[in-house]
Structure formats: C-alpha cells, structure tokens
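Residue numbers start from 1 in every chain, and the chains themselves are labelled A, B, ... in the order their sequence lines are given, proteins ahead of strands.
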There are 2 protein chains.
Amino acid sequence: MSLRIALLGLLTASGPSSGYDLAKKFETSVAHVWQAGHSQIYPELAKMSADGLVAVEAEGARGRKIYRVTPDGDAELRRWLLAHDPSTTVRSETALQSFLVPLLEPGEALTVMRRLKDRGEAHLSELEALRVRKDAVMDPAHRWGMFGAYALDLGLRQARCFVEWADDSIADIERRAGAGQGAPDPT
Amino acid sequence: MSLRIALLGLLTASGPSSGYDLAKKFETSVAHVWQAGHSQIYPELAKMSADGLVAVEAEGARGRKIYRVTPDGDAELRRWLLAHDPSTTVRSETALQSFLVPLLEPGEALTVMRRLKDRGEAHLSELEALRVRKDAVMDPAHRWGMFGAYALDLGLRQARCFVEWADDSIADIERRAGAGQGAPDPT
DNA sequence: AGATGACATGTAAGGATTGACATGTCAATT
DNA sequence: AATTGACATGTCAATCCTTACATGTCATCT
C-alpha cells in the first residue's frame, strides 16, 4: 500500500511523469522514508493503472509512458493521509546494531559505535546539502509549503539527535571501560 | 540476515530459550527496531539450527525446544556487528505521511499532523515506561551496560525530537494558513 | 556506418514478511 | 469428566522486496 501512496504523492507533486522519472525522483526524495527500485515501480504503476488510480496520458519516444493521477487516485491518496493510522514500527539496521552493541566487549563496542557515529554524520551532511539545494530551487508553484519539506526538517532533527546520542554513548562506554573491566554497574 | 542477527542477540542476552520465549522477548525489546512474528521466527530458528548457528539444547513439555547459541552463532553475531556496514535506509509509514502532508490543504494537514503528534507522544510514553521498568529490574548479570539500553536511549531521544518537530510543524502550518486564508483552528 | 553510452522499460527468481489457518498440550475451572 | 483458556509450535498462501537478467531506443562520437 505504501508504495502506491508514495507514487501517487510523487505524481501529484511532480505532475504527469513516466515510470523512469518517478524512479529517479524516488531516489532523491521519498527514498529517505521509503525505498523502491524501478523493478517494483513499473509493475506497480501497471497495477495502479488497472485499478484506475493513474492513467496513461501519453506515450512518448522509446515506449515511454506518461502517467497522471486520476480523481480516484487523488481520493485514494487523501483518504490514506487523512484516515490511515500509520504503523509506528520502524525497521532500521542501524538501530539494530545500536540495540545489540552492549553484547560486545567495550573495545569492540567502541569500534561499532564510532562507525555508527560516522555514518550518522555522513547522513546529516547529506540532508543538509539537500536542504540547501531545495532552498535554492524554492518553487512557488507548489501549493504551499514545500513537498517533502516537513519530512526533511524531521530527518535533519533526527540525524542531529542521532549524532548527539552516538557521542554520549561513546563517552559512556569509555567511562565504563575505564572504570573497571569487571564492574558492570558502578552506580 | 537481520532476523538471524536479532535472534542470535536475543539468545545471547537471555540464555537458552524456546521459540515461544524468543517471540515474546522480541515483542517487548527488539521490536522497537526490527519486527518479526512467530511465523517467521520458528522457521528461521530451524534454518539457523541446520546452519549450525544455534542448537537444540533440550526438548521440554509440549514439544518445546530450547535453543542455545553455538560458537559459530556467536562468531556470526560478532562478525555482523563488527564488520557489517548497516544500511542507512529507514522504512516508516509515519515518516511517509509527514513527507506527503504538504499535498493537503492546511486544514487537512493540521488534522494529520496533530494525529502524528499524538502518536509520537504515545510512543514516547511507552518508551519512558519501558525505561522505568528496565531501571527497576537492572540486572547485574549482564556483561556490562544493559542489553538494549543504548537503543532505548536513542529511541527516547528521537521520540522527543519527533514531538518537538510535530509541534513546530503544526505552528508553521497554522502560521501559513493564517497568512493566506481565514484561520482554520487556532485551538 | 558502427560503436558507445545514457535512456527507458520490463521480467524472473528467490528471499523476506504478513496474516490466516491448523494442531495439540497443559492447568484450572465447572 | 468435560470445558475452557493460556501455552506452544508449526504451515500456508499471498504479497512485498531485492537482485539480477534481458531488451530495445536514441544521440553522439569516430
């Protein structure tokens, strides 16, 4: 379901587009919250077309098909946003590593945690670059606010938050490791 | 792969356990970063057993099988933690809604955003309750630090961060809506 | 004219995931 | 003794997702 919704959202925001266009836009925008490759996108567009949520507006060169959102598709998107209670579950390998890291020796844990921090910083930089680019291309044609802007803000805050957490955790592990090898809980 | 690792981690932290035990522990701990139901856990344990990562230590009443981690399993877990570069991708329906919310009219967007904030607050309370419970049961048998403690800390920080973001976003939408058309709902 | 590389669309196989179904045991109640 | 409900384990079908394979077009360079 989420893939459909993401595609309807992209199509709504970008106007009529081909599967190829959508796949590229996916990578640079929605991919921060939901991922899909072209091998998933093409069949899904076909199914959505069969279900009447999108329609082929035109066929361009090289078999290129331009899709647009139908009124049914728009209704579906709105209904999902307004009425669907999103699952709170998150799946993240990074978070899984952070969960399991206390199983390692302090030295090993530090290695892992420092790598997590590095990845977190890289991710933060990436999002900051994205924000700069978006600010530069600020497009007043969009309804109001900017498509994906709130999500980008959320991503930035959580990325900063992650780096702070990594810093504090590294300090904590160093403190515990220094305090005494055997003593697990000096409090 | 991640499911395997999560199970190895749980088994390592909890000591020998049955599939049922692991499924329950999954729900209350790892589920915050990775989800799996019993219908995925039982077959995976069987495969892991065939691969020599875990072994059936004993068979209890009602066909209950007690698994333990083998040296190979321990090595696999450590290797994954130390050498595997976790994908930074995150999949979250909540984040997807936040991404798409600018496509709605301000009034509708406020409805969605307020619901997101409510869910965020509920999630935060849940994690805080979990922390209190964990602090109470602080178990010195664990190697050092507490299994999952860093992840819980991360979850708490990000949950707070999410609520702040929702608050600011709601204020932003209200401001924009007020500037353009009639004020929709300032409380 | 032929080679190259970016553009564009698709299929197929295999594994991961979910939700529903199915089975049987044990403890406590009626 | 029979019923109930929690315990415990599993399978199955359908869907989702990833990776790899396959095909063909168009523009540009040589």
Side-chain angles (χ1 to χ4, degrees), chain A residues 1-7 10-11 14 16-28 30-31 33-51 54 56-67 80 84-93 96, chain B residues 1-8 10-11 14 16-28 30-31 33-51 53-54 56-67 80 84-93 96:
Chain A
M1 184 86 310
S2 294
L3 175 56
R4 266 176 188 226
I5 298 301
L7 288 172
L10 267 187
L11 261 184
S14 316
S17 317
S18 68
Y20 187 81
D21 294 335
L22 290 170
K24 267 193 308 183
K25 280 167 194 158
F26 224 98
E27 276 171 28
T28 57
V30 197
V33 296
W34 202 269
Q35 301 82 43
H38 74 272
S39 65
Q40 219 185 336
I41 291 174
Y42 286 125
E44 186 65 26
L45 283 170
K47 265 190 279 177
M48 289 164 75
S49 181
D51 292 347
V54 300
V56 178
E57 192 182 67
E59 303 208 12
R62 306 177 224 181
R64 184 185 166 95
K65 283 179 208 146
I66 310 294
Y67 291 93
W80 187 83
H84 175 69
D85 200 9
S87 79
T88 52
T89 62
V90 168
R91 230 168 244 265
S92 158
E93 273 196 3
L96 181 58
Chain B
M1 184 88 310
S2 295
L3 175 57
R4 269 179 182 223
I5 299 301
L7 288 172
L8 285 172
L10 266 188
L11 261 184
S14 315
S17 316
S18 67
Y20 187 82
D21 293 337
L22 289 170
K24 266 193 307 183
K25 279 168 193 156
F26 225 99
E27 275 171 28
T28 57
V30 195
V33 295
W34 202 270
Q35 300 82 43
H38 75 271
S39 65
Q40 216 184 339
I41 291 173
Y42 287 124
E44 186 65 26
L45 283 170
K47 266 190 277 176
M48 289 164 76
S49 181
D51 292 346
L53 303 178
V54 299
V56 177
E57 193 182 66
E59 302 208 13
R62 306 179 222 182
R64 183 184 167 97
K65 284 180 207 145
I66 309 294
Y67 291 94
W80 187 84
H84 175 71
D85 200 9
S87 80
T88 53
T89 63
V90 168
R91 230 166 244 265
S92 158
E93 274 196 3
L96 182 56

Task: Distance (rounded to the nearest 0.5 Å) between A:Ser17 OG and A:Lys24 NZ - done: 10.0 Å
Open item on the list: Are the side chains of A:Arg4 and A:Asp51 in contact, using a 4.5 Å heavy-atom criterion?
Closed with: yes
- [ ] Would you kindly give the CE-to-C1' distance between A:Met1 and D:dC17, to the nearest whole Å?
- [x] 16 Å
Task: Length of the line joining B:Phe26:CZ and D:dT9:C1', which is rounded to integer Å - done: 17 Å
- [ ] Using only side-chain N and O atoms of B:Ser18, determine if any of them is under 4.0 Å from OP1 or OP2 of D:dT9.
- [x] yes
TODO: Indicate whether OP1 or OP2 belonging to D:dA8 is found under 4.0 Å from a side-chain N or O atom of B:Lys65.
DONE: no
Task: For atom CD of A:Glu44 and atom P of D:dA14, their distance in whole Å - done: 18 Å
Task: Separation of C:dT17 C1' from A:Gln35 CD (nearest whole Å) - done: 15 Å
Open item on the list: Rounded to whole Å, how long is the line connecting atom OH of B:Tyr42 with atom P of C:dG24?
Closed with: 16 Å
Task: Short side-chain to backbone donor-acceptor contact, A:Gln35 and B:Val90, under 3.5 Å - done: yes
Task: Pairwise 5' ranking along DNA chain D for B:Asp21 and B:Arg91, keeping only the more 5' one - done: B:Asp21
- [ ] Answer yes or no: does a side-chain N or O of A:Gln40 lie under 4.0 Å from OP1 or OP2 of D:dT18?
- [x] yes
